[in-house]
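Along the sequence shown, residues are numbered consecutively beginning with 1.
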Amino acid sequence: MTALGFLYPGHSGEDDYPRIEQLLGSDIRVDLVHTDIGEDAHRVDALLEMGSPRRLAAGVEELRLSGADAVVWACTSGSFVHGWEGAQEQVRALARSAGLPASSTSFAFVHAAKEIGARRVAVGTTYPDDVARLFADFLGAAGVEVTGVVSSGIVTAAEVGTWTEAEVLALARSADRPDAEAVLLPDTALHTVAHIPALEKELGKPVLTAHQVTVWEGLRLADRRVNAPELGALFTREPVVQV
């Protein structure tokens, strides 16, 4: 059994995680601990506080007691808003606190893009424009070229959590660019897991979504590979280790 631990801010799109656990169809356990988000706002000051060491540390002990093999801060905006160096320090502090390999969704996007060989990506976000640009800057710092960014201007995760499949597809279509090798949908408040096959079929290229890459990152930290085509191109890379 491989146990993956995730710190998830508040309550919005977390029901994607048991769906992923089911789709993995293997000896993978997905453990989710909710952290206190403070103010629900895609605003830089609120996001910095959401990802503060104090808030993350509060959930770490529960994950450690669950027997997690790795821990991921399952929040994109609450990690990249700290900048490249700040996000690295956030992960280092989380690893020290948990005593486990650690990462965040922002780094998961970087590692996943490299895994599928996507050097140029398009980004479709629910965020306000200033926050969306910070994500593009983060990707750029990692050497991933962003061909375009779409911002939806949504302030709260609660609102994002109500988006339908049609709205998710519309966001992905509007974000896509001919020269992009993949499309990234970074918000962890957005329900996407059930829609990944339709997204990739519609766009004809890999689509990386927040929950998808977050769980993939946990597997990477635990040195596991699982073949799960319903989770998109990211989960069909070789070599495959499947129980």
Side-chain angles (χ1 to χ4, degrees), residues 6-10 12-13 16 35 37-56 59 71-95 102-116 118-157 160 171-172 175 180 182-190 192 207-218 220-221 234:
F6 301 95
L7 296 175
Y8 184 83
S12 296
D16 268 6
T35 63
I37 66 172
E39 183 181 0
D40 180 10
H42 286 143
R43 203 179 61 240
V44 171
D45 62 329
L47 293 169
L48 288 169
E49 174 58 27
M50 183 190 301
S52 65
R54 173 178 62 87
R55 292 186 184 275
L56 298 189
V71 58
V72 183
W73 168 223
C75 182
T76 324
S77 57
S79 45
F80 69 70
V81 74
H82 292 268
W84 183 259
E85 295 297 332
Q88 287 185 316
E89 178 51 41
Q90 182 186 59
V91 166
R92 284 193 291 267
L94 181 58
S103 189
S104 69
T105 304
S106 292
F107 288 114
F109 272 108
V110 170
H111 297 149
K114 292 181 177 179
E115 172 73 6
I116 63 173
R119 293 167 295 179
R120 296 183 304 279
V121 304
V123 175
T125 82
T126 59
Y127 311 136
D129 184 66
D130 62 330
V131 176
R133 292 291 169 186
L134 290 176
F135 183 53
D137 291 345
F138 184 90
L139 294 172
V144 179
E145 180 185 347
V146 177
T147 64
V149 180
V150 168
S151 308
S152 302
I154 306 300
V155 175
T156 68
V160 173
L171 175 62
V183 174
L184 277 53
L185 304 179
D187 197 340
T188 53
L190 196 64
T192 58
V207 176
L208 300 178
T209 75
H211 302 304
Q212 170 211 42
V213 302
T214 298
V215 173
W216 179 86
E217 181 77 345
R220 187 188 69 82
L221 291 176
L234 178 63

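If you take CZ on F135 and CG on L184, they are separated by 5.0 Å, rounding to the nearest 0.5 Å. Distance CG/L171 to OG/S151: 9.5 Å, rounded to 0.5 Å. Taking OG1 of T76 as the reference point, atom CZ of F109 lies at 5.0 Å (rounded to 0.5 Å). Atom OG in S77 sits 12.0 Å away from atom CZ in F138 (nearest 0.5 Å). Interatomic distance, H211 NE2 to L185 CG, rounded to the nearest 0.5 Å: 11.0 Å. Rounded to the nearest 0.5 Å, atoms CH2 (W73) and CZ (F6) are 13.5 Å apart.
For the pair R133 and D129, the salt-bridge criterion is met [side-chain N within less than 4.0 Å of a carboxylate O].
Side chains of D187 and T125 form no contact here, defined as non-hydrogen atoms less than 4.5 Å apart. L47 places a side-chain heavy atom less than 4.5 Å from the side chain of V131. Side-chain contact between L208 and I116 is present, with heavy atoms from C-beta onward closer than 4.5 Å. Looking at W84 and V110, their side chains come closer than 4.5 Å, going by heavy atoms from C-beta outward. In this structure, the side chains of T192 and Q212 stay at 4.5 Å or more apart for every pair of heavy atoms. Put simply, the side chain of L190 does not reach to within 4.5 Å of the side chain of T209, judged on heavy atoms.
Side-chain polar atoms of E217 and H111 form a donor-acceptor pair below 3.5 angstrom. The closest side-chain donor-acceptor pair between T126 and S152, if any, does not fall under 3.5 angstrom.
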Let's go through V146 and V121 carefully: what are the C-alpha distance in whole Å and the side-chain angles of both, what is the deciding distance for side chain to side chain contact (heavy atoms under 4.5 Å, CB included) to 0.1 Å, and is it a yes or a no?
CA-CA 5 Å; V146 177; V121 304; 4.3 Å; yes
